[in-house]
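Keep in mind that this is a model prediction, so the values were computed, not measured. Every number for a ligand or one of its atoms is a count from 1 in the order of the listing.
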Amino acid sequence: MNEFKQNMKEALFYKKTGKGDLVCNLCPHHCKLKDGEKGKCGARVNNEGKLFTENYGKITSINIDPIEKKPFYHFYPGSSILSLGTFGCNFHCKFCQNSEISQSYKERFNSIKDTAPEDVVSKALKRKNPTGIAFTYNEPFVWFEYMLDIAKLSYDNKLKNVVVTNGYINIKPLEQLLEFTHAFNVDLKSFDNEFYKNFVSGSLEPVKKTMETIRNKGHHLEVTILVIPGINDDSELFSKMLKWISSNLGKNTVLHINRYFPAYKMTYYPTPLSTLKVLFNMASEKLNYVNIGNVSPAESGSNTNCHSCSQTVIERSSYNTIVSGLDSNGYCKKCNSHVAVLK
Ligand code: SF4
C-alpha cells in the first residue's frame with residue numbers, strides 16, 4: 001500500500017466508471033473524477049481508481065459552545081455542546097463566514113494530527129450532564145465517514161448528535177446518517193435557484209428534499225436564512241419560502257432570520273434592521289417560532305413566546321438562556337398549550 005493510502009480513509013458512496021475514473025455520489029454535484037482529481041468540496045480525491053477522504057479525523061476546530069450558537073433554539077435550550085469541524089465545503093458561497101476552513105484545503109492542514117472517533121466521544125462524555133456532539137463550522141457532510149463513525153458511537157452512548165448544514169446531500173447517505181442523529185439546522189440560502197447557481201455553486205431542489213426527508217423522519221429541524229440586502233431579501237420570494245416551509249415542514253419549524261455582514265468575497269453593506277423586522281413580521285404570520293439572529297440582544301426578539309397565549313416561555317440574552325414558562329413536559333405554564341421544544 002502506498003503512503004497516500006495509508007493516511008487516507010476510503011470514501012463511501014462512489015462508483016467506479018472504468019479506466020480509473022469514478023463518480024462520487026455523496027452530494028448532488030456527482031463529481032466525475034479521473035485519477036488524481038479532487039471533488040468540488042476539496043476533500044475527496046481519486047487515487048488510482050478509489051475515492052478517499054482527505055479530512056477523516058482532521059479536526060480544525062473543537063469547542064464547547066452554547067447550543068443557541070449553532071443556532072438551535074428549541075433543542076435542549078440553555079445547554080452547551082461539544083462542537084467540531086474540519087475543512088472543505090461542497091458550496092462556494094461568496095459571503096461565507098467561515099472561509100478560512102471551508103474554502104481552504106488539505107495543504108493548509110497537513111500538520112493536524114488525526115483524532116479517533118472514540119476520542120471525540122469520550123471527550124463529550126467526560127462533561128457534566130453532556131448533551132452530545134454538534135457537527136458544525138464547515139459543511140459536515142464533506143467529512144461524512146468521520147461524522148457517521150462518531151455519530152454511531154455517540155448514539156450508542158445515549159448522546160445527541162446535531163448537524164448544522166447546507167443540506168446539499170443525496171438521499172441515500174442522508175438516510176444512513178439520520179439513523180444516528182437527532183437534530184438539524186439547515187442553512188437555506190435563498191428560495192431562488194438562480195441565487196444558488198450564482199452565489200453558492202449549488203441548487204435549491206436537493207436542499208428542499210433534504211429538509212423534507214429530515215422532517216418526514218420526525219427529527220428536530222430548524223432553518224436559518226442569512227438575509228443579504230438587495231440579493232435575497234425580496235419579499236415576494238420570502239413569502240413563497242414561508243408558504244413552502246409552513247406547508248411542507250410545518251408551522252412549528254423554527255426559523256432564524258440572520259443579519260448578514262460583509263465576509264469573504266462579498267462587500268455589500270450589512271442588512272438594515274428595518275429589513276429584518278419586515279421579514280420577521282411576515283414570517284411570524286406563517287410560522288409559530290421566528291427569531292432574528294446576528295444582532296444585539298435588544299434587537300433580536302430572540303425569546304420564545306407561546307404560540308397560543310404569547311407568554312414568554314424561554315428568555316434569551318446573548319447566550320444566557322432561561323426556560324421560565326414551560327413545565328417539565330413542555331407545556332406553557334400560563335395556558336397549558338404544548339410548545340414545540342425538546343428538553
Ligand atoms: S462530496 Fe465532494 S467529491 Fe463528492 S460529489 Fe460532493 S463535491 Fe463532489
Side-chain angles (χ1 to χ4, degrees), residues 4-5 7-60 84-94 96 98-109 135-151 163-178 181 184 186-189 193 195-211 213-214 264:
F4 175 88
K5 286 179 186 167
N7 295 328
M8 295 293 145
K9 174 95 175 172
E10 188 171 355
L12 300 168
F13 302 105
Y14 77 93
K15 198 172 161 196
K16 296 182 180 190
T17 49
K19 292 185 187 161
D21 298 352
L22 57 83
V23 58
C24 174
N25 290 321
L26 179 61
C27 91
H29 285 309
H30 292 286
C31 295
K32 294 184 177 73
L33 305 174
K34 293 188 181 307
D35 187 18
E37 285 183 344
K38 269 186 195 186
K40 287 184 174 149
C41 56
R44 285 162 185 264
V45 61
N46 177 347
N47 182 261
E48 297 178 359
K50 283 187 174 181
L51 187 64
F52 290 88
T53 73
E54 294 197 309
N55 52 11
Y56 190 97
K58 303 280 185 204
I59 298 173
T60 58
L84 61 149
T86 183
F87 62 88
C89 187
N90 52 356
F91 278 178
H92 302 290
C93 302
K94 293 183 177 165
C96 182
N98 276 330
S99 59
E100 322 76 50
I101 51 172
S102 71
Q103 308 300 319
S104 301
Y105 300 136
K106 184 185 167 241
E107 293 67 29
R108 285 189 53 208
F109 300 108
F135 300 95
T136 178
Y137 302 135
N138 71 312
E139 173 49 50
F141 289 149
V142 304
W143 66 348
F144 185 88
E145 294 75 9
Y146 190 55
M147 176 166 58
L148 187 65
D149 286 351
I150 293 173
V163 183
V164 182
T165 173
N166 62 26
Y168 209 59
I169 188 169
N170 289 329
I171 294 304
K172 216 167 144 190
L174 175 64
E175 285 185 334
Q176 192 169 343
L177 187 68
L178 282 169
T181 44
F184 286 74
V186 175
D187 196 2
L188 178 58
K189 309 285 177 184
N193 196 49
F195 177 95
Y196 267 86
K197 245 166 61 187
N198 297 333
F199 291 95
V200 167
S201 307
S203 54
L204 171 62
E205 281 308 313
V207 180
K208 287 164 68 180
K209 192 83 200 146
T210 291
M211 291 190 286
T213 306
I214 293 168
Y264 193 39

>> Once ring pair (Phe, Tyr, Trp, His ring centres under 6.0 Å) is applied, do any residues pair with Y168, and if so which ones, sequence neighbours excluded?
In response: H29, F91

>> Using modelled atom types and a 3.5 Å cut-off, is there a donor and acceptor pairing between side-chain atoms of E145 and backbone atoms of Y56?
In response: no

>> Holding to salt bridge (Lys or Arg N to Asp or Glu O under 4.0 Å), I want the full list of residues that pass it with K209, two or more places apart in sequence or in another chain.
In response: none

> Protein N/O/S atoms under 2.8 Å of atom 6 (Fe) of ligand 1?
Replying inline: C27 SG

> How many angstroms lie between CD1 in I169 and CG in N25, if you round to the nearest 0.5 Å?
Replying inline: 11.5 Å

> Quick one: are K189 and V207 in side-chain contact, heavy atoms under 4.5 Å?
Replying inline: no

>> Under the rule for salt bridge (Lys or Arg N to Asp or Glu O under 4.0 Å), what residues qualify as partners of D35, not counting sequence neighbours?
In response: none

